[in-house]
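Heads up: the structure comes next, in structure tokens.
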Amino acid sequence: MDRFIAGQRRNLDQLRQTQLFQDLIDSLDRAYRSVIEMVPELGPPIIYGRFVLVCHKSMLSAATLIGQGQPEDAGGVTRRAVEAARVALAIKLNDENAAQWVAYEDRHDRWLRRLQNERPRSFRVEFRDIRGHAVIERLDAHLGTLSDGVVHFTPEFYIGLDWEVREAAGSAAEVYLNYFQRDNRAIELALISLSAMHLTILEAFDACYDGRLQADGACQQALVDFIQFGRASIAAYQQRYRTAEG
């Protein structure tokens with residue numbers, strides 16, 4: 001355990017000093033903080049402000065996990081943030097969706113059945129009036145990507161792990177799983193993907209607040225700075241690995 005924790009700290013200390021992390025993630029953090037500072041002025045419903053805080057915390061946790069060399073472990077954290085933004089926007093589009101999300105009786109029944117060692121009945125939240133909304137569709141696309149790629153134990157998740165096979169003359173090959181991702185490309189792509197998903201999340205909250213986030217000068221500038229760093233990061237990533245591949 002001590003070696004594992006030491007490895008986490010070493011990886012995070014190294015990545016924290018890179019320009020990608022400092023520019024992209026720090027600018028995303030500033031964008032979130034500018035939104036959080038505006039929340040008291042935006043007024044009710046307070047649930048949107050609570051969800052913003054949940055998503056900000058999730059972003060920081062996921063970025064830290066990626067920085068520690070554990071990008072696949074960040075997926076579940078990010079998925080919940082995407083879900084939070086989706087719930088917030090669904091409530092904005094139809095306030096009856098709040099009751100659909102809470103669904104107290106259905107959820108309570110599932111817990112009672114678990115306590116009785118019974119299999120709970122299937123349950124799915126069906127939001128109203130969200131079909132065809134552009135931001136909802138982008139959030140759903142992110143949910144699909146995360147589910148297939150890193151959240152569930154899929155072939156994509158399995159293949160993406162840092163496996164290593166060591167062969168020695170006269171002996172059987174040994175298989176190792178590196179607990180920390182060593183591929184810089186995978187780490188950089190995870191940070192860029194995280195940022196792209198949180199940009200959509202911030203767009204969802206802007207829609208919840210009727211566009212008032214982008215209408216505020218300070219908040220708008222923070223978002224513009226983040227988007228600019230994002231575009232520069234994507235361009236640098238493409239150039240770096242296109243060159244590396246020849």
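For this chain, numbers begin at 1 and follow the sequence in order.
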_Residues E164 and R182 bridged, charged N to O under 4.0 Å_ = yes
*Residues E203 and R138 bridged, charged N to O under 4.0 Å*: yes
_Atom pair OG (S233) and CG (L189), whose distance is rounded to the nearest 0.5 Å_ = 12.0 Å
*Measure the spacing between CD of Q14 and CZ of F21 and express it to the nearest 0.5 Å.*
13.0 Å
*Under the 3.5 angstrom rule, does the side chain of N178 hit a backbone N or O of D162 as a donor-acceptor pair?*
yes
_If I compare all heavy atoms of A74 with all of I66, which pair ends up nearest, and what's the gap?_
CB-CG1, 3.8 Å
*State, yes or no, whether a side-chain contact exists between R9 and F4 at a heavy-atom distance under 4.5 Å.*
no
*Which value, rounded to the nearest 0.5 Å, describes the distance between I130 atom CD1 and Q100 atom CD?*
10.5 Å
*Are L213 and L53 connected in the hydrophobic side-chain network, where two residues link if heavy atoms are under 4.5 Å apart?*
yes
_Quick one: does any side-chain atom of S27 pair with a main-chain N or O of L24 as donor and acceptor, under 3.5 Å?_
yes
*asked:* With no hydrogens and no angle check, just 3.5 Å: does a side-chain donor-acceptor pair link Q70 and Q8?
replied: yes
*asked:* Within this structure, what is the NE2-OG distance for the pair H56 and S61, rounded to the nearest 0.5 Å?
replied: 10.0 Å
*Taking all non-hydrogen atoms of both residues into account, name the closest pair between C55 and I201 and its distance.*
SG-CG2, 3.9 Å
*Taking all non-hydrogen atoms of both residues into account, name the closest pair between H152 and F157 and its distance.*
O-CB, 3.5 Å
*Side-chain contact test, heavy atoms from C-beta onward, threshold under 4.5 Å: evaluate it for Q228 versus R231 and give yes or no.*
no
*Does the pair M59 and M197 meet the rule for a side-chain contact (heavy atoms from CB on, under 4.5 Å), with working shown?*
CA-CA 10 Å; M59 184 278 290; M197 292 182 186; over 6 Å; no
*How close do V39 and G49 get, heavy atom to heavy atom, and via which atoms?*
CG1-CA, 3.9 Å
_When you measure from the side chain of D29 to the backbone of I25, do you find a donor-acceptor pair of N or O atoms at a distance under 3.5 Å?_
no
*Do the non-hydrogen side-chain atoms of D210 and K92 ever get within less than 4.5 Å of each other?*
yes
_Gap separating the CD1 atom of I187 from the CG atom of L15, nearest 0.5 angstrom_ = 7.0 Å
*Y176 ring centre to R166 NZ or CZ under 6.0 Å, with the angle to the axis within 45°?*
yes
*Distance-only polar pair, side chains of Q19 and D23, donor-acceptor under 3.5 Å*: yes
*Are the side chains of P71 and L65 in touch, meaning some heavy atoms are under 4.5 Å apart?*
no
*Do other residues, nucleotides or ligands put more than 12 heavy atoms under 6.0 Å from the CD1 atom of I46?*
no
*Kindly compute the distance separating CG (L89) from SG (C208), expressed to the nearest 0.5 Å.*
5.0 Å
*Using the ring of each side chain (for Trp, its six-membered ring), is W101 parallel, tilted or perpendicular to F51, with breaks at 30° and 60°?*
perpendicular
_With a 4.0 Å cut-off on N to O distance, would you call D216 and R212 a salt bridge?_
no
*asked:* Quick one, F205 with Y209, criterion ring pair (Phe, Tyr, Trp, His ring centres under 6.0 Å). Give me CA distance, side-chain angles, the key distance, then yes/no.
replied: CA-CA 6 Å; F205 285 117; Y209 286 117; 7.3 Å; no
*Given the rule in the ring pair (Phe, Tyr, Trp, His ring centres under 6.0 Å) test, do F226 and H198 qualify, once you have shown the distances and angles that lead to the verdict?*
CA-CA 11 Å; F226 164 58; H198 277 277; 8.9 Å; no
_Looking at R86 and D140, is there a salt bridge between them, counting it only when a charged N and a carboxylate O are closer than 4.0 Å?_
yes
*L194 with L199, same ILVMFWY side-chain cluster at under 4.5 Å*: yes
*Could you pull out all residues at least two apart from H142 that satisfy ring pair (Phe, Tyr, Trp, His ring centres under 6.0 Å)?*
none
*Side-chain contact, heavy-atom cut-off 4.5 Å: I91 with F127?*
no
*asked:* Under 4.5 Å between side-chain heavy atoms, counting indirect links through other Ile/Leu/Val/Met/Phe/Trp/Tyr residues: same cluster for L28 and V54 or not?
replied: no
_Quiz question: by atom type and distance under 3.5 Å, do the side chains of Q17 and D13 form a donor-acceptor pair?_
no
*How far apart are the closest heavy atoms of L139 and V82, and which atoms are they?*
O-CG1, 3.5 Å
_E126 with R128: basic N within carboxylate O range, under 4.0 Å_ = no
*Check whether any side-chain heavy atom of Q22 lies under 4.5 Å from a side-chain heavy atom of T18, and answer yes or no.*
no
*Backbone of D148 reached by a side-chain donor or acceptor of T154 within 3.5 Å*: yes
*Does A90 offer a backbone N or O that forms a donor-acceptor pair with the side chain of N97 under 3.5 Å?*
yes
_What I want to find out is whether E188 reaches R240 closely enough, with some N-O distance under 4.0 Å, to be called a salt bridge._
yes
_Single-linkage hydrophobic cluster, 4.5 Å side-chain cutoff, Y48 and L223 together_ = yes
*Say whether L202 and I47 are linked into one hydrophobic cluster, either directly or through other cluster members, by side-chain heavy-atom distances under 4.5 angstrom.*
yes
*G75 versus V150, closest heavy-atom pair with distance*: CA-CG2, 3.6 Å
*asked:* Could you tell me if the side chain of V151 sits less than 4.5 Å from the side chain of L143, heavy atoms only?
replied: no
*Do E83 and R79 meet the salt-bridge criterion of a basic N to acidic O distance under 4.0 Å?*
yes
_Using a 3.5 Å distance criterion without hydrogens, assess whether the side chain of D206 forms a donor-acceptor pair with backbone atoms of Q214._
yes
